[in-house]
Every structure is written in structure tokens, then in C-alpha cells.
Number of protein chains: 2
Amino acid sequence: MNNKSRLKSINGFKSIYPDEWIKLQYVQKIVEKTVESFGFKRISTPSIERRSLYEVKPPWSEGLISQTFSFFDNQKNFLTLIPEQTPTRARMVQELKKIELPIRWYDTSKRWRQEDKVKNDRAKEFWQTDIDVIGCNSVESDAEILACSACIYKNLGLDKEVEISINDRKLLENILFSAGVKLSDCYTAVKIVDDKEKISKTEFYKRFKKINLTKDRIDFIYKAISLNGLIIDCVKEINALNQEIAEKSSKILKRFIRLSELLKWYGIYDMCKLDLSIARGSFYTGIIFEISDKNKNLGALSGGGRYDWLISMYGKRNLPAIGFGFGYMGTMEKLKECKLLNSSSSKSDIFVSCENPQKNYKMAIELVNILRKEGCVAEVDIIGKHDDTDRFKVFILFKNNFYKNSIAEIIVKGKKKIIKINDFYSFSKKLRTSQK
Amino acid sequence: MNNKSRLKSINGFKSIYPDEWIKLQYVQKIVEKTVESFGFKRISTPSIERRSLYEVKPPWSEGLISQTFSFFDNQKNFLTLIPEQTPTRARMVQELKKIELPIRWYDTSKRWRQEDKVKNDRAKEFWQTDIDVIGCNSVESDAEILACSACIYKNLGLDKEVEISINDRKLLENILFSAGVKLSDCYTAVKIVDDKEKISKTEFYKRFKKINLTKDRIDFIYKAISLNGLIIDCVKEINALNQEIAEKSSKILKRFIRLSELLKWYGIYDMCKLDLSIARGSFYTGIIFEISDKNKNLGALSGGGRYDWLISMYGKRNLPAIGFGFGYMGTMEKLKECKLLNSSSSKSDIFVSCENPQKNYKMAIELVNILRKEGCVAEVDIIGKHDDTDRFKVFILFKNNFYKNSIAEIIVKGKKKIIKINDFYSFSKKLRTSQK
């Protein structure tokens, strides 16, 4: 490796400069304000965990483990940069001394995955906001997580652009079982459904044939998981589709009816639909959902679901939980596409300079002292450059003859003014007010 | 390793729960508001860099490299979790397409070091806010960084508790050279001075003898670096101490005189002193400083300095720079000691519940919808528990007979009220206003 590439950043890791950061921060603030209004409290987790934390999950999470950054520390602990936060939260719930239910936690931080050796430019470091309700398995908590997720997209102005596709993991399993999938093949079958959008119909059939399903049974699965629409309509269709599934899933379907009521009260029913092809990760046990671009250009932007047994794998406490992970990457792309990211620059509002620093710099410092104390963002000249008047809304120049003639030159949005020192303090007060 | 310890967190990594997070967040917000008022713009850097980024520094940074978490990715890149951010910023300056000087950058994020195999409970993951002025070597930029650092501690209420100890790296080197330290031993000598507080006087002498200094020359160094006091007084003492040093350092001393003027205008002169024993890291080239607890219980809380050649090591741009790293760990301890960390809990203000969810939950959701839209933090009951009235400032219970008698029971700070539905909206409006 030559010297230049030795000092370059690594593919998949982004250095974010100020103009890009304010866009990310704008989105983060809306996300966080929304989840906080629902009563979610912020935690902060380590970025590194023991690798064994990720080994308690069901077999087909293995793909995830192989994508992690893992290494040994100087104590020979085998560690992993967190690829997701659910195992960490399970650990934190188990390590809590006193517990008050329900727990509502959120956090915005980075996750790391080296997804693919081939597609080397894929993001390996990405921001995510995770919210969880822990210790509660009511349909009201399902509705709350969905409402909170939907509200985030509403508050971002994307409610017309995205849709929330809901399914229930047990309902999907009931469909698979009644089509003859064996219990031991369940994860494989769920994975095929999960990959449905990525693979051809031929491949879909081929993979189900491998677990010994006949064509007509695969036809049945294909037809069943193609069901989607408004919750109430879809529940009716499931009832009509197959009596065995309807009976085995009657509790789930009743819960969907109640859920649809709750979603109406939250004002988000029309953003949601049932979609029986939604499958998601291995540890979900109940309702699952994905938020995606209606035009399907960007795939799933965010997602979540209920995981009622996972926490018990990490200690004595056995608590149900439901969570949602807000993904910044896809959502930011969608916001850019819709021109919903404010293009306000990261520049400061006020700049204070002086022609003769030896004489007038004291005045400049004293002015910025006041402005900053009042909450303004004010730069003072440290470089002796005072011809760059366009970069700031307000540009203040103490002229060379400031002390003699008691005047400063002030340029507000390109318009020049000369101000007497006697008027200066009333001017700067006006300035402080107008900048806030 | 048994199953239990396999799932435990690692020593030195902290899981932060909500009540602790609001304390950290309170400090972060003050730090960030302060640096933003000076015009610093936020960036966000990768948490991982090529290890070679840390290999361009002078030899006695090697200690730092050996303390990093380093590992190979699946592309066989040798990577490092960032132990500090200066090399990253140097890289980012070199990778910028267009550059406008001066650059003022800040960022709050995590750093990682496995400092010591023995003291296994030392923090290995810690938060830091770094600020830098890049592209400017004026004394005004030195003063700005010092003023910004001091303002942070002022705004935290710690200005009476901390002091800023200032030195100049070249001045220290001039002292060492005039005492006979050879150029090739310069780093070793600076390191001995840097360790002065940690080692005994005997050890101090022993280590200088190893680089062939006689006792009277070490006496001279010891006396010189023991100088400390207000800047102006100290400059006089240096002038009186030794003519050779005074002459070789005349530019530095003049700069200190101008600096003391600037610090007075910023209103922070009395928080600062010259302390010739301050040495700091290897890459500094001019002014260096540390902010420490006046009682010396906690050592250096934060520090920084000028590094005029480092950026040029990372590419074609040759830009001077000065930076400051705000350390959260020590400062948080000091704030706790001074009882300056607000102990406000992370609990939500408003809780809405109902005795009969089947009948009244719609009302509850509609109320929280309004409250949240207005910016309130309002929890809705998802668990059917409505006897826990003490946990919230405002507890609203829709009684079973709400629809019949049109009343809700409302408990505000422990006091129970019964409210008619006709009065409810005016009440909830009052509530919204009072909670904001």
C-alpha cells in the first residue's frame, strides 16, 4: 500500500462535514423529539460487547455474526462492535437492580457491519435510533410502537411517501405449517419468504421444493403470502382463505381487529396495511412490521417487531418486548428525493472584525462576549480577513477611526450601514433579538 | 468462562441508564451550546480508521498505539478504533475539496483505549468533545480556544473550581536545551517533565541523569519548570531567570503579553496561569494548556494546544492548528462533587390512563395525541396499571363512568380533582401550557 492510500479513509465509513451534519442532526432531532413525547427515555450503550452476546440467538442469525467486526482485547476477551442493539438491551434489562415496568428506552448511535466482501462500498458504519417497550405484551403496546414509528415519518413530512407493512410471525408460521412445512424447516421457510422480494418466483419454488413441498402447496403459500391490504379487509380474506389457518390464528386475527381500532384513534390506520409476506429477523415472536418507500425504490427504510422470548435468554428476567429501529440511511435518501431536507448552511450568523486589531480588538471581543451570552452564534475575526462580507448575515467591522469618529461599519444582508458608538448598544440589542 | 460471565458487560465499558444519561446530556448540551456560540461547526467522524493513521506521529506516541483496539477487517485492512480524533481531522482537512479558512470544527463522540492490563476497571470507552481552529496561527486564535474552554467551565458553574495552566512547548524546549539536553533526547526530556506529577523527585533526577545531565543542570530545570503564576508576573520571572532563555524565547514571551491582554478582554485572565511544568503530548508545537481541579484531586480534566505541523503529515495542505479536548469523565466527577449536576429524574410529566380501556381508551389516545403535538411528554397506559399516581406530576384517569357522568379524575402533584368533560379541554390546554 502506498503512502497516500495508507492515510485514506476506509470504504463504507463516512466522514461527515458540517453542511452534511446539520441535515443528519435535523432528522435526529425530529426522531428524538417524537419518541420522547411518547415517554421513551434515552440510554447509552457500549459500542463494544462480548461476542458471546450474539451467539445465543437462533441459527440463522449466524449470517449476522459473520458480518460483525470482532477482535480480541489485551485481556483475550473476544469482542464485537455492536451490529444491533437488542442483545445489549436484553443484557441491560437483566443487569438492572430495580425494575419498573413498562420500560420505554431509546437511543441514537452507531452500528457496525461489514456486510459483504464484494460490495465494498456499502456502509459499514451507520446511525440508528432504536426504541423498545419492555415488560408489556398488550396490543396497546403494539399500537404505541406503530404510532410512534408512524409519527416520526409524519413529523418528517413523509407520511404520504411511506407505508407500514404489518404481519404477525405466528400467523406466517401457521400458514407455513398448514402448507406442510415441518417444524425443523420453519426457519428455512421463513427465510425464503423473507427473501421473496430479492429472488425470482422460480427460485422461490426451487427453495421450497428443497424442503420437500409439492407444487400445489407452494402455490398455496405463494397465494397466501401475496395477501395484502387494509387490516380489516385482509383479516376477512384470511378468514375466507383457509379454515384451519383462520381457526389456529383466531387470537392473532382478533388482536389485529383491536389493533386497527387503536391505529384509527392514533390517526395512522391509512398508513398501515397487512402484508403476509413480511418475515424479518429470526428472534421475532409476534407482530412484525416494515416501513418502506411506497415507490419501492429504496426497500425497507425502518422496521421492528415483537420479541417475547429473547430477553429471557440473557438472564433470569423473562419479559416480553417490542421494538423499532429507525434507519437513517434510507430515510435520508428519501427525504433528499422529496426535497424535504432543509438546505440551510452551517454558517454562523454574525461576524465581528476590525480594521486595526491592535486598537479595536477589545471592542470586538466585548461585543461577541455579549452576543454569545445572549445565545447568538457570533464569530470573531482571528485571521485579519475582513473583506468576506457575503458569508454572514450580519458583518460588523470596527473601522480604523472607530475611536476617533466613534463609528462602526455594519453590513446586514449586504446592506452597509455606518453606526455611531452611542447608537451601538441599542443596535446590538436589536441584533441579538433578531438572531434568536 | 461460565454462561453468566459470557453475557456480562466488559470492564471499562459503561451501560448508561436514563437517570445517568440526563446528567451526561445536560453537560453535553452546555458544552455544545458554548462552542457553537463561538462559531464552531459540528462534524462527525468515523469511529474506525486505518491503523497507519496513528503511525505518522513522533516516536513517543507509540505508547498510545499499543493502547488502541486494533484488528483486521474482512478485506485485511488493519484498523483501529479511534483513540483520539486529531489524526482523523487532519485526514478530513486533506480530503476536503474546497477549503475556507479558518476552519472551526467540533464534535462530541466516543474514544477507545485499553490503557492498562493491570488496572482493568479503567474506562476503555469515553466521551469527548474536541474543538479545533485550523488554518490560523494567530495569538487571537490561541485566545479564542482558551476563552471557549474557559467559557465551558464557566457555563457549567465550575470557573471558581478549576484553573487553566498554560505553557509553550518551544519555551519548555528552550529551557531543556539551555540546560544541555541534546536534540535527540528532547522527547525523552519532555516526557520526564510530563510525568513530573506522577513520579518522585528522586525518580525525576534519576531519569534526567540517564540522558547525561549533571545535578546542577537538573537543579536548573527543576527550578525553571517550577515557575508558575499569573502570565504577566511569570513572564517577568522568566526574563529574570536566564538571559539565554529569555532571548531565545523573546517572541514567545511577547506573544504571552498580548495573550494576557486578550484573556482579560474575554474576562478569563484570572482563571489562567503560566505553569512551565506543563508538557503534554508529542505533537504540540506552541501553546499548550491543561484545565485542572484547583484541589488537584482529579488531575487534568481537559487540555489542548497548538499543533502546527501535524496536518501537513497527512497530505499536501500545510495548515497550523490549535485544539482543545473536553473530557467528560473528570469534569462529571467534579460536578458531582460540587453538587452541580441537576438530579432531575428522567420521568415523564404526564400519564394518561383509564379504568375501562375497552370503553375509554379512545379518549386517552386522543388526549395524548394533542399533548404530544403540543410538545408535552405524555405517557399513555399500555399495561392497565393505574394506581401508580406518584410517579408523574400529572396523572389523568378516565373513570369507568366517564361517558355516563362525563368526568375524569385528575391528580396533579398528589392533589385529586374531578373534572367534567365540558371543562376538560380548557383544563388540558392549561396543562399543555404549564408543562412547556
Side-chain angles (χ1 to χ4, degrees), chain A residues 6-7 9-10 13-18 21 25 36-39 41-48 50 52-53 69 71 73-75 77 79 91-92 95 101-102 110 114 117 120 125 133 136 138 140-141 144 262 265-267 314-315 346 348 362 365-366 369 372 376-380 382-383, chain B residues 6-7 9-10 13-18 21 25 36-39 41-48 50 52-53 69 71 73-75 77 79 91-92 95 101-102 110 114 117 120 125 133 136 138 140-141 144 262 265-267 314-315 346 348 362 365-366 369 372 376-380 382-383:
Chain A
R6 276 181 56 232
L7 302 178
S9 51
I10 318 144
F13 290 82
K14 211 172 158 191
S15 299
I16 302 175
Y17 292 92
W21 173 261
Q25 190 180 37
E36 281 175 6
S37 78
F38 278 74
K41 309 303 176 197
R42 187 159 188 162
I43 56 169
S44 174
T45 80
S47 300
I48 299 174
R50 291 184 197 283
S52 42
L53 218 64
F69 291 95
F71 52 90
D73 70 1
N74 62 14
Q75 317 277 320
N77 294 308
L79 306 180
R91 176 182 62 66
M92 283 177 69
E95 289 176 357
L101 300 180
K110 288 177 182 174
Q114 38 186 345
K117 284 198 191 187
N120 193 25
E125 177 177 68
V133 174
C136 176
S138 66
E140 286 80 8
S141 62
E144 176 167 291
L262 296 167
W265 299 338
Y266 275 118
Y314 290 85
S346 63
S348 300
K362 180 170 187 256
I365 290 183
E366 283 173 357
N369 283 347
R372 288 167 184 167
C376 293
V377 174
E379 285 184 28
V380 68
I382 52 172
I383 211 166
Chain B
R6 276 181 56 232
L7 301 178
S9 51
I10 318 144
F13 290 82
K14 212 173 158 190
S15 299
I16 301 175
Y17 293 92
W21 173 262
Q25 190 180 37
E36 281 175 7
S37 78
F38 278 74
K41 308 303 176 198
R42 186 159 189 163
I43 56 169
S44 175
T45 79
S47 299
I48 299 174
R50 290 184 197 284
S52 42
L53 218 64
F69 291 95
F71 52 90
D73 69 1
N74 62 14
Q75 317 277 319
N77 294 308
L79 306 180
R91 176 182 62 66
M92 283 177 69
E95 289 176 356
L101 300 180
K110 288 177 182 174
Q114 38 186 346
K117 283 199 191 186
N120 193 24
E125 176 177 69
V133 175
C136 176
S138 67
E140 286 80 8
S141 62
E144 176 167 291
L262 296 167
W265 299 338
Y266 276 117
Y314 290 84
S346 63
S348 300
K362 180 170 187 253
I365 290 183
E366 283 172 358
N369 283 347
R372 289 167 184 166
C376 294
V377 174
E379 285 184 28
V380 69
I382 52 172
I383 211 165

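Naming: A, B, ... by sequence-line order, numbering from 1 per chain. Heavy atoms only: backbone and side chains are in, while hydrogens, waters and symmetry mates are out. Note that the structure is predicted; figures quoted are calculated from it, not measured.
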S.K.: At a 4.5 Å cut-off on heavy atoms, which part of K110(B) comes close to chain A: side chain, backbone, both, or neither?
M.R.: side chain
S.K.: Chain A heavy atoms under 4.5 Å from V133(B): which part of the residue, side chain, backbone, both or neither?
M.R.: side chain
S.K.: State whether the side chain of S15(B) and the backbone N or O of M92(A) hold a donor-acceptor pair below 3.5 Å, judged by distance alone.
M.R.: no
S.K.: Taking C-beta and beyond as the side chain, do Y266(A) and I365(B) meet within less than 4.5 Å on heavy atoms?
M.R.: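 Contact flag for Y266(A)/I365(B) side chains = yes.
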S.K.: Name the member of E140(B), R372(B), E36(B) that forms the most heavy-atom pairs with chain A at distances under 4.5 Å.
M.R.: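 The candidate making the most pairs under 4.5 Å is R372(B).
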S.K.: Which heavy atom of S52(A) sits nearest to which heavy atom of R6(B), and what is that distance?
M.R.: OG-O, 2.6 Å
S.K.: Between D73(B), L262(B), T45(B), L79(B), which has the largest tally of heavy atom pairs under 4.5 Å with chain A?
M.R.: D73(B)
S.K.: Kindly give the heavy-atom pair with the smallest separation between E125(B) and P46(A), and that separation in Å.
M.R.: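 Taking every non-hydrogen atom into account, OE1-CA, 3.1 Å.
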S.K.: Between E95(B) and chain A, with a heavy-atom cut-off of 4.5 Å, which part of the residue counts as in contact: side chain, backbone, both or neither?
M.R.: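 When you check distances to chain A, atoms from both the backbone and side chain of E95(B) fall under 4.5 Å.
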S.K.: Where does E379(B) contact chain A at under 4.5 Å (heavy atoms): side chain, backbone, both or neither?
M.R.: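 When you check distances to chain A, atoms from both the backbone and side chain of E379(B) fall under 4.5 Å.
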S.K.: Give the member of C136(B), P18(B), G267(B) that has the highest number of heavy-atom pairs under 4.5 Å with chain A.
M.R.: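 It is P18(B).
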S.K.: Distance from R91(A) atom CZ to L7(B) atom CG, nearest 0.5 Å?
M.R.: 9.5 Å
S.K.: With distance as the sole test, does E144(B) use its side chain to make a donor-acceptor pair with the main-chain N or O of I382(A) at under 3.5 Å?
M.R.: no
S.K.: Is it true that a side-chain atom of S44(A) and a backbone atom of I16(B) form a donor plus acceptor pair closer than 3.5 Å?
M.R.: no
S.K.: Hey, could you give me the CH2/CD distance between W265(B) and E366(A), rounded to the nearest 0.5 Å?
M.R.: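 The CD atom of E366(A) is 8.5 Å from CH2 of W265(B), to the nearest 0.5 Å.
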S.K.: Any idea which of S37(B), S141(B), A378(B) has the most non-hydrogen atom pairs under 4.5 angstrom with chain A?
M.R.: S37(B)
S.K.: Rounded to the nearest 0.5 Å, what's the gap from CZ on F13(B) to OG on S47(A)? Could you check?
M.R.: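 Reported to 0.5 Å precision, the distance equals 8.0 Å.
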S.K.: Just give me the residue among G39(A), S138(A), S9(A) that pairs up with chain B most often, heavy atom to heavy atom, under 4.5 Å.
M.R.: S9(A)
